Amino acid sequence: AKAEKQLSLVIGDTVHIQESCEGEGFWDIALTFAIILEVKAFIYSNEIITSAEMPLVKEVTTTLREWGSIWKQLYVVRRLDRLMWDLMEWRSQLLSGTLPSDEFKELKQKVTSKIDYGNKILELDVVVRDADGNILDPERASVISLFRAHEDATAKITERIKEEQSNVQLDHSGVSARIQSSPTHSLYVFVRNFVCRIGEDSELFMSLYDPIKQTNISENYLVRWGDKGLPKDIEMLNSLKVVFTDLGNKDLAREKIYLICQIVRVGRMDLKDTNHKKWTTGLRRPFGVAVMDISDIIKGKTECDEEKQYFIPFHPVIAENDFLHALLNKVTTSRGDSGGQGLWVTMKALVGDIVQIRKEYPHLVDRSTVVARKLGFPEIIMPGDIRNDIYLTLHSGDFDKYNKTTQKNVEVIMLVCDEEGKNSICLGAGDRPVNEYRSVIYYQIKQPRWMETFKVAIPLEEMPRIHLRFMFRHRSSQECKFSSFSVSCSHEVQFFKIDTSENNVTSSHDFKGSVEDTLSLSLCLSVGLLGLLKWRTRPEMLKQNLQELKLIDGEEVVKFLQDTLDALFNIMMEHSQTDDYDILVFDALVSNIQTYTHFYSLKNKGSKELFLQKCLRWTIFDCRDILLPMMLRELSGALAVVGEGLQDEKRNSVELLNNILEVLSQNDVVRANQRADFLMETFLLFKDLIGKHVYPSDWVTMIMVQNRVFLRAINTYADTMNHKFLDNNSFEVQLWNNYFHLAVAFITQESLQLQHFSPTKRSKILAKYGDMRRLIGFAIRDMWYKLGRNKICFIPGMVGPILEMTLIPEEELRRATIPIFFDMMQCEHNHSGNFIKFENEIILKLDHEVEGGGGDERYMELLQSMYEHTHTLWSCKMLVQHFVTLVTGLLERLLDYRTVMSDDSRNNRMSCTVNLLNFYKDINREGMYIRYLYKLRDLHLDGENYTEAAYTLLLHSKLLKWSEEQCILQLDYQTSHSQRQLKESLYDTIISYFDMGKMWEEAITLCKELADQFEMEVFDYELLGQKLNQQAKFYENIMKILRPKPDYFAVGYYGCGFPQFLRNKVFIHRGKEYERREDFQSQLMSQFPSAVRLNITTMPGDDIKNSNMQYIQCFTVQPVLEIPPRLKNKPVPDQIINFYKSNYVQRFQYSRPVRRGKVDPDNEFASMWIERTTFITAYKLPGILRWFETTVSPLENAIETMGQTNEKILTMINQYQCDDALPINPLSMLLNGIVDPAVMGGFAKYEKAFFTDEYMHEHPDDRDKLLRLKDLIAWQIPLLGRGISLHGKRVTDDLRPFHERMEECFKQLKKKVEKEYGVRELVRMKARQQKQKEGFCEMKEGKGSAKCVLIFFLLCSLIRMRDDPLGRALCCARSDSPSAHWLDLNAERPLRHTQRGDHAHTHMCLYVQNNML
């Protein structure tokens, strides 16, 4: 729209035309628009539609609207464009009502197919339908039929997408067809290069990986890489080829397949360790992973050229407790910047097994190509393919030293032991067998998770003579020793302790073996299955083997199904005379049938029903008093509708419910502990199901039905808890804790967060199911208030979950649940006299929740308003008020921080980080303060701001002492150290940063402190010598290396369009070396592309400050040198003094010429004034930021305002003395506005604010400023007197009463001021001679001398209050020379100091008239 009465429309918008009128141009457009997008059902109409097609038309209309909103965001989607046009055309045909029945059904099928297909490619929800294509109503369908409908819909859509892709990808159709027809597949990979800055030898373990199941598909291919950036075996250069074989169609059907590489560094414990004499070498340490999605390549969707190179980015471990497999899972779900490090590979998908591909691709797969087999059997086992491989996976360990803070660095060593001790351990394909395996070492981790898989290559006939020996070793950076641990294992293992002092092996009582999955060994072939197949060799184990058969993976059973069935029937036949094994064999046969049915889609309804009935009888008997009421309700509802359709299914359901009812109705008494156990197990089960996402995310109907069942069950169980477990005698803390955690998990699950859904989806869910979050939230609130005095048991444990619930952006839910916080505070206060635990917990959790996306400004408003409406009810009102202020302040800063974290502006991120760390410092939360210090450090390092990074770490070091006290672990990756060790380490890092930033003066200071510690405290003279040498080098750098002085820039951010931490504020920025203002300003404007640049250097007006736009002001300022006291009055070299000209500065100046008075064309200097503005920053630069805000105190602002008022009076007096034609009104308004009793000189509020004993006590350093303000108030009286006298001479008769009243007011004001602040007089001509004798300057009589007298004595009064050279020069100026009046040009020259707005100003006024300066 370009005119006032035009509409701005986007394709997909709706226009309701209430009436039409003739016009030029517009009607044609509106008509075309209406023809395309008009929807009758939503436009005003008297027509009533009752046809059977209406539901489908509504669905098409809703779909078009939803797709249209997405289309605006993804405007280039061509397929969506075509689909929408088809749907609009078919919708018109449906609305016509002229289609025959058969054509209507055909069109309906096409419409629903298009809608389902479009929803899938747009990642929208699956729509489930019945056989006729109508949307399935979950209220009228059973859960089983609903589930099957989802499966059928997903299968149809998947098939449709495959058809579409096959039509589009014509170039790859032949390859895809061949891949789909072949039962066996392989992947060829050629490692071209590995680029990574390691500095030591490394091991590269490459394999195929399923990120969904988080398991390896193939065994590892091992490449040993040298520290010089080449393969360890140089002969393998350009020969690092591997082929991953045995892949089947099921593997290709996986949703995702990744090629991964885990990098293990082999060398010293810490790369930063520089003491090579004490290194412990040969340690395997985690270094990082490289990951690439190869799904399209291996499935043949992407054509692969064996010469095309792919880059796989490298991702390093961040902290010592980053396990490689955990880092792998993180990387597969997110991407980061690799910094150019990674793997270069070529790859190609091959069809066939290893024998076939060697024949068809001899140029790729030759005898030197390594073969990496699948972990498990191929889908088709070829005749003669005998494989007996044992793969062991070192899973995890628990080595917790409960009585010590420092954990061990555990290395697991495994050996295969027999009489000969052969090399039979293979770490990966392509590597030589070794005699022992050594695990990766994780630094000081009590529960390491290795997840390392390796192969034990042992001939089948030698397996009975082999056993595995595991040793556990503590490794440090300087020594190696055996230690005793408590280890749990999934197999019975005899543990021994090695006495290193006597080299004896003795049995240790410190080791305990138990059947726990703490350190697990996974075998490819199940021992239980092998024992069953060879049951005759150990008949005493037959019963156990039969019982374990049901626990074996179905895939293993199917591979040996014939042998397994033969063994089961042989057992049955040979033990036909007894019934010892009949039940076990029968159960095993049923389990095999079910397994076979699962793998080959056979139906066996009878066995399934038998299995279901058994499970029901075994599991629900002890919980009938809870389930019985629910089952009665279900049975009653089912009986009520049993006559309405689906007879067989409903009849079966009624029978099943009746059977359950019979079981539940038995008369055995259920004990309370059984009931509690059942509830706790059920709550854990529900919570697990909610967290695991049982159904795909687009099965929204199934998910909502499941949630509705969960909701009803939770509420039913809540009633039972209220009746059975609420009394103090039967109160179960853990049971109630499980309930609350389940309810919060339910309310916070992603599928219920309506604010993330489109308006269409949100409306559908609300209309069908309502907002379940409200219902469960209200239930949580009610359950909480029923706890009574037991509430204290859940503080602070439930603070985090309740906070997570209240942060959900739903108004009514928040209003219902936020009061729980106030109740928690009251409860803890009544119990302990404070609520410190609650406060600490909510601050910690709030930080994590807001950073994760929770919370908004409305939450702050609700918290504040709910406090204000209820605070009178609390006994701890002041504490609660402080808490609310604390939380709202923190939340405001956290929201700012979250907003800028996704911003491209690193400066904004730094500012918000500093705001947060200062806040945490003010409220004494040291852990959070340190956390954000390191976040700020990382931001500085990313921008190469080494000086600022050093100052940031320096703040952490100041919290530490030179003592042996242990540090509190504040960071996730921080290790246990004494405060001295940590401080020394920090100082070394800070010194290196200062060195890179060329701040050698600061580095020298820290070196001196370290040297003093090494010399006087720890007596480490070797380190002392190193520090002294480093210190000497810094001194030499100061004198010899040129350090360019950085420029400083004043930047003002004006307008309400900026965030709160920038809005209408001025900052001084420290530029980088050789950075020009133009470059700095260009980079600044790029961060705010919509901002307008201001080309003025003065402060803008309120119209700009209050506008909704963004205005940026930028100009260069000069730092004011502050010479350190130790350098004053000494001959200091320029190299030293130049440093202080641009460092350790807090005052900055900007000067500009201004014209005042009449301009003399012959002498431009006669009317030239210089205005000098001084900026004072909150902190000295450089500091923890490259910029700081300019500051001004309220007292300084009052001084500036009074100075401006006096200057305005003086200026107007001068103007009226020089020009008799000026109107009197401005002078009248100015004088009356000051002397009016309601104003009282404008300083009445200053007296109340500053001239009090309380203010003097709190601000003892402001004494001089208070005297200055009093002096300005006193000097206003003679100026007003002069102005009123001038006004009396110029006033007209009609304004004479006004003048007389003003004189009367002035007398009262004068009396008050002179009594409080003393008398000030403007010296007249008659008194000049006397003043000259007293040492004042001589003033030449003549034209304009009276004006000069006024200016002179006013300025002298102001200057007298400043202890600067000019004040002394003015007060002691000589009068013997007309050319040397008042001013010593070699001295400092600020004549008057004021503050204006957010600035601190210093003006130097040069007034030349009649040879008077």
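Remember, it's a predicted structure, so these values are computed and weren't measured experimentally.
Dense packing is recorded around CG of D1103, with more than 12 heavy atoms of other residues, nucleotides or ligands lying under 6.0 Å away. Heavy atoms of other residues, nucleotides or ligands lying less than 6.0 angstrom from CD of E1314 number more than 12. Enclosure of atom CG in D1294 by more than 12 non-hydrogen atoms of other residues, nucleotides or ligands within 6.0 angstrom is indicated. More than 12 heavy atoms of other residues, nucleotides or ligands shown are found within 6.0 angstrom of CZ on R1077. The neighbour count for E1078 CD, taken as heavy atoms of other residues, nucleotides or ligands under 6.0 Å away, is above 12. More than 12 heavy atoms of other residues, nucleotides or ligands lie within 6.0 Å of NE2 in H1259, so this atom counts as buried by the packing criterion. More than 12 heavy atoms of other shown residues, nucleotides or ligands fall within 6.0 angstrom of atom NZ in K1072. Residue-environment remark: OH (Y1179) stays at or below the threshold of 12 foreign heavy atoms within 6.0 Å.
Between the CE atom of M1212 and the CG atom of L1286 there is a distance of 11.0 Å, given to the nearest 0.5 Å. The CG atom of N1232 sits 7.0 Å away from the SG atom of C1305 when rounded to the nearest 0.5 Å. The distance from atom CG of D1220 to atom NZ of K1289, rounded to the nearest 0.5 Å, is 11.0 Å. Interatomic distance, F919 CZ to E892 CD, rounded to the nearest 0.5 Å: 9.5 Å. To the nearest 0.5 angstrom, K1180 atom NZ is 10.0 Å from Y951 atom OH. L1279 contributes atom CG, which lies 5.5 Å from atom CD1 of I1213 (distance to the nearest 0.5 angstrom).
At least one side-chain heavy atom of I1184 sits less than 4.5 Å from a side-chain heavy atom of V914. Side-chain contact between F1250 and M1256 is absent, with no heavy-atom pair separated by less than 4.5 Å. Counting heavy atoms from C-beta outward, Q1276 and L1272 have side chains that stay 4.5 Å or more apart. Side-chain contact check for S1107 versus Y1054: every heavy-atom pair is 4.5 Å or farther apart. The side-chain heavy atoms of Q1113 and I1096, taken from C-beta on, include a pair separated by under 4.5 Å. Counting only heavy atoms from C-beta outward, the side chains of I1273 and F1251 approach each other to under 4.5 Å. Side chains of P1182 and E948 form a contact here, defined as non-hydrogen atoms less than 4.5 Å apart. The side-chain heavy atoms of I1112 and L1084, taken from C-beta on, include a pair separated by under 4.5 Å.
Listed for the R1093 side chain is no donor-acceptor partner under 3.5 Å among the backbone atoms of Y1111. The backbone N or O of G1057 sits less than 3.5 Å from a side-chain atom of Q1110, completing a donor-acceptor pair. At least one donor-acceptor pair under 3.5 Å links the side chain of T885 to the backbone N or O of Q881. Looking only at distances, no side-chain donor or acceptor of D1219 sits under 3.5 Å from a matching main-chain atom of Q1215. In this structure, S1285 contributes its side chain and G1281 its backbone to no donor-acceptor pair below 3.5 Å. In terms of modelled atom types and a separation under 3.5 Å, the side chain of K1130 and the main chain of R1126 share a donor-acceptor contact.
Relative orientation of the F1115 and Y1150 rings is tilted, given thresholds of 30° and 60° on the angle between their planes. Classified by interplanar angle (parallel below 30°, tilted 30° to 60°, perpendicular above 60°), the ring pair F1058/Y1053 is perpendicular.
With respect to R1296 and E1303, no salt bridge is recorded, no charged nitrogen being found less than 4.0 Å from a carboxylate O. One finds a salt bridge joining R1320 and D1271 here, because a Lys/Arg side-chain nitrogen approaches an Asp/Glu carboxylate oxygen to under 4.0 Å. Under 4.0 Å is where a charged nitrogen must lie from a carboxylate oxygen, and between D896 and R893 no such pair does.
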request  = With side-chain contact (heavy atoms from CB on, under 4.5 Å) as the test, would you mind laying out the steps for K1065 and Q1060 before giving the verdict?
outcome  = CA-CA 9 Å; K1065 294 181 181 180; Q1060 191 67 39; over 6 Å; no
request  = Show your reasoning for whether side-chain contact (heavy atoms from CB on, under 4.5 Å) applies to T1190 and F1148.
outcome  = CA-CA 10 Å; T1190 57; F1148 303 87; over 6 Å; no
inquiry  = Between K1105 and R1063, is the side-chain contact (heavy atoms from CB on, under 4.5 Å) condition met? List the steps.
reply    = CA-CA 8 Å; K1105 290 183 179 179; R1063 187 179 305 161; over 6 Å; no
query = Between Y1048 and T1116, is a side-chain contact (heavy atoms from CB on, under 4.5 Å) present by the stated rule, with each step listed?
reply = CA-CA 6 Å; Y1048 286 89; T1116 305; over 6 Å; no
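Nearest heavy atom pair, residue E1247 against residue T1252, reads O-CG2, 3.9 Å. Between F1298 and S1228, the shortest heavy-atom distance links the atoms CE2-CB, 3.8 Å. The shortest non-hydrogen separation linking Y1216 to P1226 is OH-CD, 3.5 Å. Minimum interatomic distance between P1124 and Y1140 (heavy atoms only, all atoms of both residues): CG-CE2, 3.5 Å. Heavy atoms only, all atoms of each residue included: V1092 and M1085 are closest at C-CE, 4.3 Å. When every heavy atom of I1284 is checked against every heavy atom of L1231, the shortest pair comes out as N-CD1, 3.9 Å.
F1080 has its ring centre less than 6.0 Å from the ring centre of H1069. You'll find the ring centres of F1139 and Y1144 inside the 6.0 Å limit.
A donor and an acceptor atom, one from each side chain of W1187 and T1177, are nowhere located under 3.5 Å apart.
Exactly one residue among K1045, E1001, R1070, E1122 makes a side chain to side chain donor-acceptor pair (under 3.5 Å) with N1143. That residue is R1070.
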